[in-house]
Structures are given as C-alpha cells and as structure tokens.
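Keep in mind that the numbers below use all heavy atoms, side chains included, and drop hydrogens, waters and symmetry copies.
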Amino acid sequence: MTRPEQDTADRPRAPVIQRLLGDPRVAQARLGKRIGRLPYFTRVESATGPITRMEGRDILNFGSNNYLGLANDPRVIAAAQEASARWGAGVTGSRLLNGNLTLHEELEEALRRFYGRTGAMVFSTGYGANLGLMSSLLGRNDRAWVDEEMHASVLDGVWLARANMKRFGHNDPEHLLAQAKEDTGSGLCVVEGVYSMRGDRAPLRRFLEVCRETRLALVVDEAHGLGTVGARGLGTVEEDGVVQDADFITITFSKSLGSCGGAIIGDKAQIEALRVLTRPFLFTAANTPASVAAALAALRILHEDPGLVAQLKERVRSLREALVERGLRPIPSDGPIVSVEVGADFDTLQAWRLLWNRGIYANPVIHPAVPAGHGLLRLSVMRTHEEQMVRTVADACADVFSDLQLSHEGRGKVAS
C-alpha cells in the first residue's frame with residue numbers, strides 16, 4: 001500500500017537545502033501567491049490565442065509570443081500530428097547517437113535557405129542554442145561583450161565558458177567601441193535584434209562596423225525578430241541589411257513559429273565545427289518529431305506568405321497609436337512587443353493585477369529583468385488580435401495608469 005504523501009519538514013535539512021529554501025526570492029514568491037499578486041506560472045487551460053482560457057476564465061491575451069498566430073494554424077497542427085503518428089512521441093535520445101531524424105535535417109536545410117546562408121543547426125530549445133554557441137565559441141581568456149539587457153541564455157552561456165563578461169550600455173555601439181578599444185582581447189559581441197522586455201531594436205549596421213574595427217565576432221539573437229521584422233520576416237538582420245555579415249544568427253521556434261526549439265544559422269564550416277563541439281547539443285535529447293514538424297510547417301507558411309508580417313505590423317501600429325491617443329508613451333519601437341514604463345516594482349505588479357481583474361493578460365516586467373524603478377507593462381501583439389481588442393486593452397491601460405496615479409510618461413507616481 002502506498003504511503004500517504006507528506007512533507008519532510010521534520011527531517012534534518014542539509015545546508016544546501018536550507019540555503020535553497022531560505023533564498024529571498026522563494027519567500028517573495030510565497031508571499032505573492034498568498035496575497036494573489038503572483039503574476040507568474042498562470043495556469044493556461046486552452047490553446048494560446050487572442051482569447052485564452054486561464055485560471056477558469058476567458059482572458060484577452062496580450063501576453064503571448066504567438067506573434068503570427070501559427071501555433072493555432074490547422075496546417076501547423078496537422079504537421080505535428082502526422083509527425084507523431086510517423087515517428088512517435090519522442091526520439092528517446094540525442095541526435096549524436098539515435099535521434100537525428102530526417103525531419104531535423106529538413107528543417108536545417110529550410111532555415112539556411114530562408115536566411116540565404118550555408119549552414120544551420122537545430123537545438124531542442126532557443127535557450128540551448130545560445131547556451132551552446134557561447135560555451136563553444138568562448139574560452140577562459142576571451143571577452144564576451146553583451147548588451148546590458150541581454151537574455152539570460154546568453155549570460156549563462158558566457159558563464160559556462162568561464163569567459164570574461166563585459167557589459168555595454170543598452171543599444172550603445174559607441175560605448176562598446178570605447179571599451180573594446182581599451183581591452184583588445186579576442187571575443188565576441190552579442191546583441192538582440194528585438195529586445196524581449198522593452199521591444200526596441202538594435203542598430204545592427206553600426207554594431208557590425210564596431211565589431212569589424214575591433215575584430216569581434218558578431219552574434220545576433222533574432223528570437224523576437226523572426227517573423228516580425230523585415231519584409232520577409234528574417235528579423236532586424238534583414239531590415240538593417242546584415243543577414244550575410246553577422247557571424248551567427250540565433251533564433252527560437254517558440255515565438256513566431258509557434259513550436260519549441262531553436263537554431264544557429266551561419267557559414268557551413270563554422271556550423272559543422274559547432275556540431276561536434278557543442279555540449280548542450282551533443283548531450284541532450286533531440287526535439288520531438290511534433291515540434292520539429294510544426295516549426296518546419298510554420299517556416300514554410302512564413303516563406304510562402306510574407307504578408308503575414310505586414311498584417312502583424314499593422315496591428316502593432318494600431319496598438320501604439322491607440323495608447324498614444326490615450327496619453328500613454330510606449331517605448332519607441334515597431335516590433336511586436338509594446339512596453340509602457342510604469343516605475344516601481346509594486347506599482348508594476350498592481351497595474352498587472354488591475355488588468356487581470358478586467359480580463360486582460362499582460363506581462364509585468366520588474367527588477368532584475370529591468371533596472372530598479374523602471375518596471376514595465378509588456379504587451380505582446382498577435383496578428384490575430386482584432387481591432388476592438390486593441391482598443392479594449394488601450395482603454396484599460398489608460399484607466400489603470402489613472403487609477404494608480406501613474407505618470408503617463410512612465411516615471412512612477414505623478415508628482416503632487
């Protein structure tokens with residue numbers, strides 16, 4: 001007979017367990033959960049679309065990265081189902097040993113053709129792609145120059161490589177130039193085409209010039225740029241004309257492609273070297289057949305119908321204009337992430353909760369994801385949002401700023 005479930009509170013705890021449970025972030029999460037102010041791990045009970053079932057309610061969803069709506073496209077779903085029926089639910093191993101499906105190679109070929117490069121390498125996650133690239137390219141004596149708002153996957157990859165982390169001001173290539181001229185060790189520069197929190201875009205052409213002058217490799221993370229920026233949806237690398245010049249481009253399948261996985265795109269010789277050197281690629285299970293087939297189907301849809309990108313841009317423009325008309329000042333950008341600065345962490349969480357109470361889901365961004373005192377309400381636009389939905393969320397944001405007496409310029413509380 002199975003013993004009833006019980007906690008181990010009476011058992012003496014090892015110091016590492018005590019440290020785990022005593023972390024201030026754990027206490028913060030417990031408090032947030034008790035008072036109903038924890039904006040994370042929200043239970044999703046339906047497919048992710050403009051209206052999504054969450055916590056027993058139908059919610060107007062402006063917090064999803066399903067930018068093109070392809071996660072719900074019948075063609076993408078059918079491709080995933082057919083792949084599962086043919087190859088099974090999983091590959092049960094790494095690509096190195098027994099999990100290298102023809103599907104993986106088809107997706108790599110499609111990606112390299114989409115970007116017009118000679119090589120591509122598919123990972124189980126976008127996080128893994130950045131982790132693997134950083135830890136393979138860098139050594140202990142190398143420099144990793146990263147934007148101060150860089151995604152955690154890059155930071156963790158630099159840490160794994162034991163390289164020297166060097167930070168430069170957000171979207172500031174001149175700051176990078178000044179520092180790299182003083183410290184001339186070998187290394188690379190990593191920027192995001194579209195930044196995941198603020199939604200603004202990197203000036204890639206100038207970053208490329210600085211990297212060439214300082215002999216740094218340039219890596220561009222297009223996780224949020226793929227499918228959202230550029231005439232064909234290649235990202236900021238397309239918009240700024242550096243598709244062929246960036247040493248590596250990393251992407252994820254979990255945003256515009258509506259699946260799960262990631263990839264590195266670059267020159268064939270470099271990609272083939274990574275294929276035999278990258279530990280997060282060699283020693284993890286390969287993507288499930290369904291996720292690879294879904295990403296491949298979504299990529300083909302985007303390639304055949306780049307008009308989807310224009311439709312998304314129109315929705316983004318509509319939301320930004322609606323917010324400005326109501327006196328709010330979103331952070332300048334034309335990408336799918338529309339962020340409005342709130343200020344203090346507490347005010348940001350309060351704003352999130354007030355939107356939730358009105359049946360709207362957004363993402364609150366607080367320290368350390370952004371500098372202290374610069375919390376954001378992050379709205380993610382989907383091509384499938386309707387115009388009335390855009391107006392509804394703009395009205396709600398304006399009301400929330402008014403209710404909390406927040407400055408419409410995003411500088412915290414209005415001065416009395």
Side-chain angles (χ1 to χ4, degrees), residues 32-33 36-81 125-126 194 196-197 199 223-224 226-228 252-261 290-291 294-295 297-298 301-302 308 311-316 318-320 322-323 330 335-340 348-366 369 376-397 399-400:
K33 194 170 185 178
R37 290 295 187 273
L38 186 66
Y40 311 114
F41 301 104
T42 304
R43 188 174 63 251
V44 180
E45 300 163 341
S46 72
T48 300
I51 302 294
T52 303
R53 189 79 176 170
M54 296 181 176
E55 305 279 357
R57 305 165 61 199
D58 287 336
I59 296 290
L60 178 54
N61 190 352
F62 274 82
S64 167
N65 298 322
N66 186 17
Y67 298 131
L68 297 179
L70 294 179
N72 314 100
D73 190 288
R75 296 165 290 181
V76 175
I77 295 171
Q81 292 171 334
T125 64
V194 176
S196 58
M197 295 297 105
H224 295 270
L226 171 60
T228 70
T252 182
F253 308 154
S254 59
K255 276 72 176 176
S256 289
L257 299 187
S259 182
C260 186
S291 65
I301 291 169
L302 174 59
L308 298 176
Q311 293 171 27
L312 171 63
K313 289 179 178 179
E314 178 58 27
R315 279 286 175 262
V316 171
S318 182
L319 175 58
R320 297 187 70 84
L323 291 170
I337 299 165
V338 181
S339 292
V340 183
T348 304
L349 295 177
Q350 284 286 84
W352 166 81
R353 185 67 190 186
L354 289 176
L355 286 179
W356 173 264
N357 291 345
R358 294 178 63 144
I360 296 170
Y361 184 73
N363 297 131
V365 183
I366 59 177
L376 305 171
L377 270 182
R378 178 183 182 271
L379 305 171
S380 297
V381 182
M382 290 184 266
R383 177 185 63 88
T384 47
H385 279 132
E386 298 173 0
E387 187 61 30
Q388 181 56 50
M389 296 174 177
V390 168
R391 290 195 293 271
T392 296
V393 77
D395 286 339
C397 286
D399 289 345
V400 164

Would you sort out whether Y361 and T42 count as a side chain to side chain contact (heavy atoms under 4.5 Å, CB included), showing the intermediate values? CA-CA 10 Å; Y361 184 73; T42 304; 3.8 Å; yes
Look only at the side chain of N66 and the backbone of L70, and say whether a donor-acceptor pair between them is shorter than 3.5 Å. yes
To the closest 0.5 Å, what do you measure between CG (L319) and CD (E314)? 11.5 Å
Taking every non-hydrogen atom, the tightest pair across A295 and L257: O-CD1, 4.1 Å
Nearest atoms (heavy-atom pairs only) where I337 meets S196: CD1-O, 3.4 Å
Are the side chain of S259 and the backbone N or O of S291 linked by a donor-acceptor pair below 3.5 Å? yes
Residue list, salt bridge (Lys or Arg N to Asp or Glu O under 4.0 Å) with R320, at least two apart or on another chain: none
Listed once per pair and sorted, the salt bridge (Lys or Arg N to Asp or Glu O under 4.0 Å) pairs that draw on residues 71-81, sequence neighbours left out: D73-R75
Rounded to the nearest 0.5 Å, what separation is found between the CG atom of L379 and the OG atom of S339? 7.0 Å
Value rounded to 0.5 Å, distance of OG1 in T48 from CG in N65: 10.0 Å
Write down the atom of A71, the atom of I77, and the distance for their closest heavy-atom approach. O-CG1, 4.0 Å
Kindly determine whether V338 and L323 satisfy side chain to side chain contact (heavy atoms under 4.5 Å, CB included), including the steps that lead there. CA-CA 10 Å; V338 181; L323 291 170; 3.7 Å; yes
The test is side chain to side chain contact (heavy atoms under 4.5 Å, CB included); show your working for Y67 and M382 and say whether it passes. CA-CA 4 Å; Y67 298 131; M382 290 184 266; 5.5 Å; no
Measuring from R358:CZ to L354:CG, what's the distance to the nearest 0.5 Å? 8.5 Å
E45 CD: over 12 foreign heavy atoms closer than 6.0 Å: yes
Please report the closest heavy-atom contact between N72 and A47, naming both atoms and the distance. ND2-CB, 3.4 Å
Establish, for the pair R378 and W352, whether the NZ or CZ atom is under 6.0 angstrom from the six-membered ring centre and no further than 45 degrees off its axis. no
Check V316 against P336 and note the closest heavy-atom contact, atom names and distance. CG2-CA, 3.8 Å
Is F41 atom CZ crowded by more than 12 heavy atoms from other residues, nucleotides or ligands, each under 6.0 Å away? no
Counterpart residues, side chain to side chain donor-acceptor pair (under 3.5 Å), relative to E55 (two or more places apart): R43
Shortest non-hydrogen separation from A351 to L377 and the atoms involved: CB-CD1, 3.9 Å
Expected output: side-chain S254 to main-chain C260 donor-acceptor under 3.5 Å: no
Any residue meeting side chain to side chain donor-acceptor pair (under 3.5 Å) with Q311, in chain and number order, not counting sequence neighbours: R383
Who passes side-chain contact (heavy atoms from CB on, under 4.5 Å) against T348, sequence neighbours left out? V342, P364, I366
Working for side chain to side chain contact (heavy atoms under 4.5 Å, CB included), residues T228 and K313: CA-CA 7 Å; T228 70; K313 289 179 178 179; over 6 Å; no
Find the distance between CG (L355) and CD1 (I360) and round it off to the nearest 0.5 Å. 5.5 Å
Tell me whether S256 contacts the main-chain N or O of L226 through its side chain, where contact means a donor paired with an acceptor under 3.5 Å. yes
To the closest 0.5 Å, what do you measure between CE (M197) and CG (L376)? 8.5 Å
Contacts of type ring pair (Phe, Tyr, Trp, His ring centres under 6.0 Å), residue F62, not counting sequence neighbours: H385
Taking atom types as modelled and ignoring hydrogens, do the side chains of Q388 and R391 form a donor-acceptor contact shorter than 3.5 angstrom? yes
Contact between L312 and L68 at the side-chain level, heavy atoms closer than 4.5 Å - yes or no? yes
